Structures are given as structure tokens and as C-alpha cells.
Amino acid sequence: MSQTWWRGAAIYQVYLRSFADGNGDGVGDLAGLRSRLPYLKDLGVDAIWLNPWYPSPMADGGYDVADYRDIEPVFGTLAEAEKFIAEAHELDIKVIIDVVPNHSSTESEWFKQALAGDPAARERFWFRDEPNDWQSIFGGSAWTQVADGQWYLHLFAPEQPDFNWENPEVHQEFEDVLRFWFDRGVDGVRIDSAALLFKSDTGFEDLDEVHDVYRRWREVSDEYDERILIGEVWLPDQERFARYLRPDELHTAFNFDFLACPWDPAELRRVIDLTLTTHTPVGAPPTWVLSNHDVTRPVTRYGRADTSFAHGGRLHGSPSDPELGYRRSRAAALLAMALPGSVYVYQGEELGLPEVEDLPDDLRQDPMYARSGGTNPGRDGCRIPLPWSGEEPPFGFGGDDPWLPQPESWRKLTAEAQRTDLDSMLNLYRTGLGLRRDLLGDGTLTWLELGPEVVAFTRDSGLVCVANLSTRAVPLPAGTVALSSGPLDDGLLPPDTTAWLTPPTR
Ligand code: NOJ
């Protein structure tokens with residue numbers, strides 16, 4: 001198999017609304033992102049994945065897409081998006097966008113035609129005379145009634161009507177959308193809710209027909225040079241998951257088992273092993289993800305007594321030890337970066353931002369909060385605008401009043417404050433990604449047995465990664481420490497610390 005850029009890439013996730021605000025309206029945008037491209041270059045990422053940037057009423061942060069072939073005016077223009085792609089390419093950074101094929105927006109032309117009563121337009125969605133008992137993933141019924149009495153299906157918010165993938169027009173539309181963006185230089189797409197497209201009486205997850213769609217999409221992407229398809233595929237069964245990665249389907253998919261894994265040595269080893277054994281037969285590189293815009297920030301999750309992913313990681317109100325969470329996040333970052341395959345960094349992870357759990361309820365925007373009747377705090381706490389510089393909010397984000405408020409305490413976490421601090425999280429990521437480029441990425445690993453509470457392996461380049469999840473300091477194998485997530489203790493590796501070693505020269 002040829003070594004191609006995506007197999008070992010470090011991919012940085014940009015949640016555009018919260019990255020950087022170029023025009024001062026309090027919402028991040030393309031102008032802000034373009035101005036910060038040098039920061040991403042300096043950080044050492046190979047690619048940027050942007051959450052949806054299309055025109056959208058923002059009922060679900062842009063995952064309610066009104067027009068798949070344009071840019072949300074709050075973010076910029078199509079011409080600006082093209083400039084951004086060109087500028088990223090000049091810096092040798094690839095651009096991956098989000099495509100949302102499971103559902104649309106109630107503000108899309110197609111849905112408006114459907115609402116107007118056009119029967120052919122209704123066939124592009126799931127309109128029925130009677131709803132069934134399906135519940136929306138955000139809570140409440142998955143069906144909403146329209147004025148003439150029919151009901152339409154929405155697995156997520158009511159503003160996100162599901163497409164009917166039994167309809168060939170829907171297939172044609174998305175093949176065109178892929179070409180539209182590949183023609184504009186986009187290097188890959190992240191496919192939202194990739195396993196949910198088909199529905200039957202028994203359910204809507206992982207129906208076999210979905211693979212025909214991705215085989216066709218692969219043909220489309222193969223018409224271009226090295227464009228990739230990345231699936232958001234949350235499935236409990238790894239064998240079913242790997243089917244999406246067969247050589248004629250998607251290139252990679254997010255590894256949610258790793259993201260959801262508790263900070264526990266046996267569990268980590270099990271998940272890493274399982275990941276490798278399911279990916280190897282299909283020839284796809286694994287991905288390693290610690291966070292994204294849907295889950296609790298690792299600094300907060302790893303600081304809790306229960307680091308598992310119960311309740312989607314959203315155990316708000318359950319205390320978190322910030323120092324412990326921070327130390328473990330550093331250790332987890334070096335572990336993730338050392339594993340074979342590609343690695344994702346969600347914006348702010350490199351700054352060690354915690355989850356903001358004390359947002360006033362009236363500022364919460366995530367539909368998950370409202371639709372759960374307030375029992376689920378939602379995902380706003382991991383989507384707070386980034387702190388760039390200065391001593392007080394908005395910390396150089398832009399404007400005076402960011403769309404979600406930043407905590408005062410983030411003055412210590414700004415990119416500017418961390419740049420000059422050699423021990424900062426930012427510098428750990430910078431150095432780690434730099435070393436990773438030469439010594440890690442795609443390939444295999446060989447486990448090292450250093451005790452039940454130590455996760456250790458050697459990579460193809462000879463680099464050794466040792467993560468100590470025990471409660472006492474442990475000796476390191478022979479070699480030179482190239483990087484460690486915290487200071488060593490008299491040559492020993494302290495608890496909740498990861499070190500990378502280059503082998504002794506013979
Ligand atoms: C997964 C996305 O990551 C999430 O943010 C979104 O709410 C759902 N899919 C629905 O599009």
C-alpha cells in the first residue's frame with residue numbers, strides 16, 4: 001500500500017464559530033482562521049478539518065445545512081473559502097470539510113418545496129401519515145407534524161429533517177456536492193452520522209445499503225488526486241465498523257472507542273489492540289482521537305474519579321481535579337500521538353482548555369440542552385471561543401462579546417502566554433507533533449511488557465513510548481528521553497506521565 005499523506009496525518013479540528021473572529025461580530029469566521037494559519041503551521045499540523053461552514057440557521061451549530069454549495073455569510077463567502085484553501089495549500093496544510101448527508105435543514109430549498117406540498121419533494125425526506133415511536137438522538141420524538149397533518153422524521157433536532165436515501169435524487173445530489181468541493185481543492189470530507197443514512201422498520205443504524213453509497217463516493221473521490229473520505233461511525237461492533245473501511249469504501253473513520261476509553265491501563269491496551277486488529281485486515285490506518293466538539297474536554301474528564309464515558313462524558317457536577325486532569329491529558333496526548341495511524345487535535349486541546357461547566361443556562365445554545373429538558377447540559381462547554389492573547393476576555397478572539405463567554409481564568413491559557421513557556425501544553429503539542437512527523441505516524445507497533453499498569457510499545461522507527469498509569473514512579477527502558485509529558489523523578493517516570501525514548505545507539 002502506498003504511503004499517502006492521510007495515513008499518518010495530524011489533523012486539527014477547527015470549530016469555526018469559536019476559533020478566531022476576524023470581523024469583530026463575536027463569531028469566529030474565515031477571516032479569523034486565515035489570520036491564524038501561521039499558528040497552525042507552527043503547531044505542526046498536516047491538515048485542518050472544519051465543522052460545517054455552510055449557510056445554516058444554526059439550530060445545531062451548522063449541522064443543519066441550508067445550502068451545501070455555499071458558505072454561511074457569518075463565516076464569509078465562497079470566494080473567501082477558496083482563498084483559504086489556497087492559502088492553506090501554500091503552507092502545505094490540507095483542508096477537510098464536513099459533509100452532512102443524513103439530514104438537511106428546514107430552511108433548505110428542498111425542504112421548503114416539500115413543505116409547500118410538492119409530492120416529489122416530500123419523497124426526498126421521510127414524510128408519513130403516522131409517526132412511529134422513534135426518539136430523537138437529542139431527546140423527544142423523532143417526528144414533527146406539519147400543517148397538513150403529515151409527519152417528517154428527524155433523528156436529531158426538528159430543524160434537521162432526514163433525507164430519504166431510497167431516493168436516487170438524494171444520491172445524485174451528494175455526488176454533485178462532493179464534486180463541487182473537490183473541484184474547489186478540498187482534500188477530504190468528514191462524513192457526519194455516516195452510519196445512519198438508511199432507515200427500516202427495525203431501526204436506522206448501520207443498514208447494509210449504506211455501503212453502496214460509500215462505494216460510489218469512493219469512485220467519485222478516486223476521480224481526483226488523493227482526496228479522502230473520513231467516516232463519523234459510532235458503532236459498538238468493531239467488525240461492523242471495519243466494513244466501512246474496506247478498500248473500496250472510506251479511507252479512515254474516527255476511533256470513538258479510544259476517545260471513550262477510561263484512563264485505565266488494561267482498558268487502553270485492550271482498545272488499542274482491538275483497534276489494530278480490526279484495521280489491519282482492511283488495510284486502513286487507525287485514527288486516534290481524544291476529543292471533539294461533542295464531548296467533554298479531556299482535562300475535565302480525566303480529572304474525575306470516573307474517567308469513563310458514561311453519559312457521553314457529560315458528568316457535569318461531578319468534581320474534577322484540574323491538576324490531575326491536566327497531567328493525564330498531557331500523558332494521553334503523547335500516547336495518542338505515538339500510536340500508528342493519524343491523530344486528531346480538537347482546537348483548544350493544545351492549550352489544555354477545560355470544559356466550561358458553569359455557563360449560565362440562558363446562554364446555552366446546544367439543542368441537546370433544551371431537548372433534554374435541561375437534564376443534559378449539552379455541548380456548549382467544549383465550544384467556548386479560544387483564548388489567544390491578553391489579560392481578559394475576549395482574549396484576542398476578536399470583537400468585544402464572543403457568542404459564548406470565556407472564563408476570566410483563561411488568561412493563563414492563552415496561546416500567547418503558552419508560547420514562551422517551554423513547559424506549556426502548547427509547546428508539548430508543538431514538540432510532539434514535530435517529532436511525530438519524522439518518527440511516528442503510519443505503521444505498526446510492538447508491545448513492551450513493563451508491568452500491568454504501564455502502557456508501552458516500540459514504533460517502527462525505534463521510538464519507544466511509555467505511559468505510566470500506576471500510582472508510583474517506574475523505571476524507563478534504555479534509551480534517551482526525547483520528550484516527556486512531565487518532569488522525570490530521579491530518572492524514573494512518575495505516575496500519569498508519558499515519555500518518548502529514542503533507542504540507545506549501538
Ligand atoms: C455529529 C456531529 O458531530 C454533531 O455535532 C451533530 O450534532 C450530529 N452529528 C448531527 O449532525
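Given the structure is predicted, the values throughout are model-derived calculations rather than measurements. Whatever order the structure lists them in is the order used to number ligands and atoms, beginning at 1. Atom set for the values below is all heavy atoms of this structure, side chains included, hydrogens, waters and symmetry mates excluded.
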| For F395 against T414, the heavy-atom pair lying closest together |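 The pair with the smallest heavy-atom distance is CD2-CG2, 3.9 Å.
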| Under a 4.0 Å heavy-atom cut-off, what residues line ligand 1? |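 Correct list: D60, Y63, H103, F138, F156, R190, D192, S193, E232, H293, D294, R379, R383.
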| said: On the six-membered ring of W143, is R128 placed so that its NZ or CZ lies under 6.0 angstrom from the centre and within 45° of the ring axis? | reply: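 Output no; distance or angle outside limits.
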| task | Answer yes when R243 and E239 have at least one side-chain N-carboxylate O distance shorter than 4.0 Å, and no when they do not. | result |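 A salt bridge is present here (some side-chain N lies under 4.0 Å from a carboxylate O).
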Show which side-chain atoms of residues 253-261 pair as donor or acceptor with protein atoms under 3.5 Å away, not counting sequence neighbours.
from : atom 1 : to   : atom 2 : distance (Å)
N255 : OD1    : D257 : N      : 3.4
N255 : OD1    : F258 : N      : 3.1
N255 : ND2    : T275 : OG1    : 3.2
N255 : ND2    : T287 : O      : 3.1
D257 : OD2    : Q238 : NE2    : 2.5

| said: Checking D201 now: which residues fulfil salt bridge (Lys or Arg N to Asp or Glu O under 4.0 Å) with it, not counting sequence neighbours? | reply: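 For D201 there are no salt bridge (Lys or Arg N to Asp or Glu O under 4.0 Å) partners, ignoring immediate neighbours.
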| request: Output all residues satisfying side chain to side chain donor-acceptor pair (under 3.5 Å) with R371, sequence neighbours left out; order by chain, then residue number. | output: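 By the side chain to side chain donor-acceptor pair (under 3.5 Å) rule, R371 matches no residue at all.
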